[in-house]
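A short write-up of the structure that comes next.
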Amino acid sequence: VQLQASGGGWAQAGESLRLSCAASGLTFRDYAVAWFRQAPGKEREFVAHISKSGSMMDYEDPVKGRFTISKDNAKNTVDLQMSSLNPRDTAVYFCAAKNKDGRPRTATYDYWGQGTLVTVSS
């Protein structure tokens, strides 16, 4: 099983980026998926989560209203649309998958992607 995160890059404050997490060896329809991020010198933090069915989403407060997580079952990807970016969003973003719903912030995830770097300048 592999998760491949992509779409990171450089953006100016106020701009948008779209991250994508692609899976091989598992079907996202059967997994809850989350995005985490880790800024330089800081601990990894939860960003967003989508349930196995794709019907329930959860966001950490700093990104609510700016980020949207979605599943594309046909492509077997989970995307994170990030808008109104600001320098505090600068981090390496990781996607992770678990085969149970619930406890998006504290559960143990079964699989992790390698991360994609997002850099936002002011």
Side-chain angles (χ1 to χ4, degrees):
V1 174
Q2 280 193 326
L3 302 184
Q4 180 75 34
S6 63
W10 179 84
Q12 285 193 318
E15 292 184 339
S16 300
L17 283 175
R18 188 176 185 91
L19 306 183
S20 186
C21 180
S24 58
L26 66 81
T27 301
F28 275 147
R29 184 183 295 111
D30 300 326
Y31 285 79
V33 180
W35 285 93
F36 290 80
R37 66 185 181 186
Q38 186 166 18
K42 295 188 177 181
E43 293 187 353
R44 186 176 63 199
E45 64 176 1
F46 169 82
V47 175
H49 174 272
I50 188 164
S51 63
K52 292 169 69 173
S53 68
S55 62
M56 295 186 66
M57 286 73 78
D58 190 12
Y59 301 92
E60 198 66 344
D61 285 347
V63 308
K64 280 182 180 177
R66 300 189 298 121
F67 290 13
T68 303
I69 189 170
S70 61
K71 270 188 179 182
D72 187 329
N73 289 331
K75 295 181 179 179
N76 201 29
T77 60
V78 173
D79 291 349
L80 184 69
Q81 177 67 44
M82 307 185 296
S83 302
S84 300
L85 287 164
N86 61 65
R88 292 184 297 277
D89 296 317
T90 294
V92 177
Y93 284 72
F94 301 88
C95 57
K98 56 182 174 68
N99 64 7
K100 293 183 180 180
D101 280 325
R103 300 191 299 124
R105 291 166 180 78
T106 59
T108 298
Y109 284 77
D110 301 306
Y111 305 104
W112 288 85
Q114 86 292 352
T116 185
L117 177 62
V118 172
T119 304
V120 183
S121 64
S122 57

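Here the structure is a predicted model, which means the values were calculated and not measured.
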Across all chains, not counting sequence neighbours, the side-chain contact (heavy atoms from CB on, under 4.5 Å) partners of Lys75 are Asp72, Thr77
Applied to residues 19-95, the disulfide (SG to SG under 2.5 Å) test, sequence neighbours excluded, yields Cys21-Cys95
- Query: Does Gln114 use its side chain to pair, donor to acceptor, with the backbone of Gln4 at less than 3.5 Å?
  - Reply: no
So the ring-ring contact (aromatic ring centres under 6.0 Å, His included) pairs with at least one residue in residues 13-53 (sequence neighbours excluded) are Phe36-Phe46, Phe36-Tyr109, Phe36-Trp112
With sequence neighbours left out, the residues meeting salt bridge (charged side-chain N to carboxylate O under 4.0 Å, His left out) with Asp58 are Arg105
Applied to residues 10-36, the salt bridge (charged side-chain N to carboxylate O under 4.0 Å, His left out) test, sequence neighbours excluded, yields Arg18-Asp79
The complete set of salt bridge (charged side-chain N to carboxylate O under 4.0 Å, His left out) pairs with one or both residues in residues 83-93, sequence neighbours excluded, reads Arg37-Asp89, Arg66-Asp89
What one should report as the nearest heavy-atom pair of Leu3 and Ala97 is CD1-N, 3.9 Å
Residue set satisfying side chain to side chain donor-acceptor pair (under 3.5 Å) with Lys42, at least two apart, ordered chain then number -> none
Q) Out of curiosity, does Val47 fall in the hydrophobic cluster containing Tyr111 (side-chain heavy atoms, cut-off under 4.5 Å, transitive links)? A) yes
Between Pro87 and Ser122, the two heavy atoms sitting closest are CG-CB, 3.8 Å
Between the CG atom in Leu19 and the CD atom in Gln81, the distance rounded to the nearest 0.5 Å is 9.0 Å
Separation between CD1 (Ile50) and OG (Ser55), nearest 0.5 Å, reads 8.0 Å
Rounded to the nearest 0.5 Å, the CG atom of Leu80 sits from the OG1 atom of Thr116 at a distance of 11.0 Å
ring-ring contact (aromatic ring centres under 6.0 Å, His included) pairs touching residues 55-105, sequence neighbours excluded, are none
Rounding to 0.5 Å, atoms CG (Asn76) and CG (Leu26) come to a distance of 6.5 Å
Residues passing the side chain to side chain donor-acceptor pair (under 3.5 Å) test with Ser51, sequence neighbours excluded, are Ser53
Q. Is the number of heavy atoms from other residues, nucleotides or ligands under 6.0 Å of Gln2 CD greater than 12?
A. no
I'd like to know if the side chain of Lys52 and the backbone of Asn99 have a donor-acceptor N/O pair within less than 3.5 Å. yes
Residues Thr90 and Val120: closest non-hydrogen pair is OG1-N, 2.9 Å
